[in-house]
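To start, the structure itself, in structure tokens.
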Amino acid sequence: MKVLIIGNGGREHALAWKISKSKKVDQIFMAKGNAGTDSFCKNIDIDPTDIKALVDFSKKEKIDLTIVGPEDPLCMGIVDEFEKNNLKIFGPNKECAKFEKSKKFTKNFLEKYEIPTAKYKSFDDFDKAKKSLKEFSYPLVIKADGLCLGKGVIICEDEKKALDTLDDIFVKKIFGDEGKTVVIEEFLKGEEASLLCLVSNNKLFPLETCKDHKQIYDGNKGPNTGGVGTYSPSKFSKKTEENIEKILKQIEDGFNDSKFSYNGILFIGFMIDKDLPKVLEFNVRFGDPETETLMPRLESDLVEIIEKTLDNTLKKEDIKWSDDFSLCVILVSEGYPLKYEKEKEIKGFDQVKDSLIFHNGTKIKNGKILTDGGRVLTINACAKDSETARKIAYKDCEKIEYENKYYRKDIGLN
Ligand code: AMP
Ligand code: GLY
């Protein structure tokens with residue numbers, strides 16, 4: 001089989017690494033891939049959002065299966081285009097990708113099917129939004145409706161910050177058209193948890209549990225990032241598990257009632273307080289770095305699972321996991337998620353013997369591997385217990401060298 005993976009981060013590297021172990025697969029193409037995938041895949045120079053070029057390439061190369069990493073092509077309708085051309089692709093169609101493209105769409109769905117979530121109101125009008133602030137207490141959360149490069153969620157401690165934020169979005173238009181609609185919602189306290197589910201024609205198959213660390217500094221301090229450390233499993237209490245199961249059933253029923261045809265991955269972000277999970281968000285793709293943490297624990301053949309998901313023959317028992325504790329530390333460029341420098345040479349790969357390395361933001365220039373993003377490399381260690389996995393991962397984090405390297409030191413301690 002020939003497989004095409006769309007995207008160029010650590011998530012896509014981890015998917016490619018796992019897929020390279022499948023007996024069914026002869027060749028993996030990456031659009032565009034990175035320095036890490038270059039050694040075992042064929043990186044091709046097509047942008048993940050250039051859907052026409054991707055369709056043409058897949059036809060020409062007779063690609064058997066395409067897997068989409070990032071949300072942008074999904075929201076643009078890449079799945080619909082591939083299917084129109086009789087090309088097999090794993091991901092939700094444009095209609096279902098709205099769950100990531102529009103926060104209002106997701107909140108309306110959650111409300112309609114009485115799925116626990118933060119109380120909210122949505123607005124297209126600056127004055128109405130300002131007036132409604134009185135109905136909320138502080139802190140509150142203001143969300144620009146669209147993708148906004150993952151930066152559209154602002155937590156406001158007081159009225160001044162809330163007014164300034166509404167002004168930024170509606171008047172200064174810092175998110176452009178993606179901020180035309182705004183969701184204002186109550187601030188939820190608790191522990192965050194990510195749950196990724198395979199979705200086969202609206203039926204949800206949860207993957208193993210996983211915990212992401214979003215803030216840049218130890219002790220969950222500092223600005224939010226895309227995720228700088230993860231571990232799996234992240235145990236839920238029995239009560240929480242039961243409540244999550246109920247929510248999954250409500251989502252399935254909602255998908256069916258809405259006559260959606262959801263296939264691919266649904267990533268559910270939860271806030272859990274006293275065993276009561278509430279849905280924070282839906283993403284319509286694999287998480288990054290959740291995928292880097294989960295793939296090393298997955299024992300089943302990922303291609304087989306994806307094919308069964310697509311032809312509606314998947315069973316719970318098909319998805320087998322190791323009992324290992326899997327832990328990822330993300331090496332970033334100092335200054336991320338704000339300002340940081342790129343193009344620093346990375347050394348020490350050959351010194352890392354006990355961890356897997358997935359590349360998040362790297363490139364090759366003049367034969368050298370250089371940093372090419374805020375998140376640079378994921379160091380993944382698997383072991384029988386969390387303490388051992390932590391020791392291995394952190395030992396190997398020290399072996400990688402580049403100017404402006406930074407990473408959290410407390411992943412797996414809480
Ligand atoms: P989202 O893109 O909706 O997941 O928001 C990004 C991050 O903002 C989440 O991972 C949470 O840490 C935080 N967040 C979003 N909504 C809320 C909320 N209602 N209450 C508390 N924190 C929130
Ligand atoms: N790690 C969070 C995300 O992929 O959105």
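In each ligand, atom 1 is the first atom listed, and ligand 1 is the first ligand listed.
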Looking at ligand 2, does any of its N/O atoms fall within less than 3.5 Å of an N/O of F286?
-> no
Which heavy atom in G222 sits nearest to a heavy atom in Q215, and how many Å separate them?
-> O-CG, 3.3 Å
Please list the nearest protein heavy atom to [atom] with its residue and the distance rounded to 0.1 Å.
atom: atom 5 (O) of ligand 2; answer: R285 NH2, 2.9 Å
atom: atom 20 (N) of ligand 1; answer: L188 N, 2.8 Å
atom: atom 8 (O) of ligand 1; answer: V153 CG1, 3.6 Å
atom: atom 3 (O) of ligand 1; answer: K143 NZ, 3.1 Å
atom: atom 23 (C) of ligand 1; answer: L280 CD2, 3.9 Å

Which of the atoms in ligand 2, numbered in the order shown and given with their element, are less than 4.0 Å from a heavy-atom of [X]?
X: G287; result: 4 (O)
X: D212; result: 1 (N), 2 (C)
X: E290; result: 1 (N), 2 (C), 4 (O)
X: G226; result: 1 (N), 2 (C)
X: N283; result: 5 (O)

Using a 4.0 Å heavy-atom threshold (strictly under), name the region of K189 that reaches ligand 1: side chain, backbone, both or neither.
-> neither
Should the proximity of V141 to ligand 1, defined as any heavy atom under 4.0 Å, be assigned to the side chain, the backbone, both, or neither?
-> side chain
What's the spacing between M295 CE and I19 CD1 if we round to 0.5 Å?
->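 Atom-to-atom, M295:CE and I19:CD1 are 8.5 Å apart.
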Looking at CD1 of I89 and OG1 of T66, how far apart are the two atoms once the value is rounded to the nearest 0.5 Å?
-> 5.0 Å
With heavy atoms of K214 as the reference, note each atom of ligand 1 found under 4.0 Å away.
->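 Near K214, the atoms of ligand 1 are 10 (O).
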Does the ring center of F105 lie less than 6.0 Å from the ring center of F109?
->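 When the ring centroids of F105 and F109 are compared, they turn out to be at least 6.0 Å apart.
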Could you tell me if the ring centre of F282 sits under 6.0 Å from that of F267?
-> no
Would you check if there is a donor-acceptor pair between the side chains of T362 and D372 at a distance under 3.5 Å?
->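 Per modelled atom types, D372 and T362 side chains form no pair under 3.5 Å.
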State whether a side-chain donor-acceptor pair under 3.5 Å links E292 with N360.
-> yes
Report yes or no: is the cationic atom of [X] (NZ for Lys, CZ for Arg) under 6.0 Å from the centre of the six-membered ring of [Y], at an angle within 45° of the ring normal?
X: K235; Y: Y231; value: no
X: R408; Y: Y217; value: no
X: K130; Y: F126; value: yes

Closest to atom 1 (P) of ligand 1 (judged by heavy-atom distance), picking from E281, E192, E185, M271 |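 That would be E281.
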So which of L147, N224, D212 gets nearest to atom 7 (C) of ligand 1, if we judge by its closest heavy atom?
->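 Shortest heavy-atom distance from atom 7 (C) of ligand 1: N224.
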Test item, [X] contacting ligand 2 (heavy atom, 4.0 angstrom):
X: F267; answer: yes
X: G227; answer: no
X: P289; answer: yes

Give me the ring orientation class for F260 and F255: parallel if the planes are under 30° apart, tilted from 30 to 60°, perpendicular past 60°.
->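 The rings of F260 and F255 stand perpendicular, inter-plane angle above 60°.
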Heavy-atom count around E114 CD within 6.0 Å, excluding the residue itself: above 12?
->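 Counting neighbours around CD of E114, 12 or fewer heavy atoms of other residues, nucleotides or ligands fall under 6.0 Å, so no.
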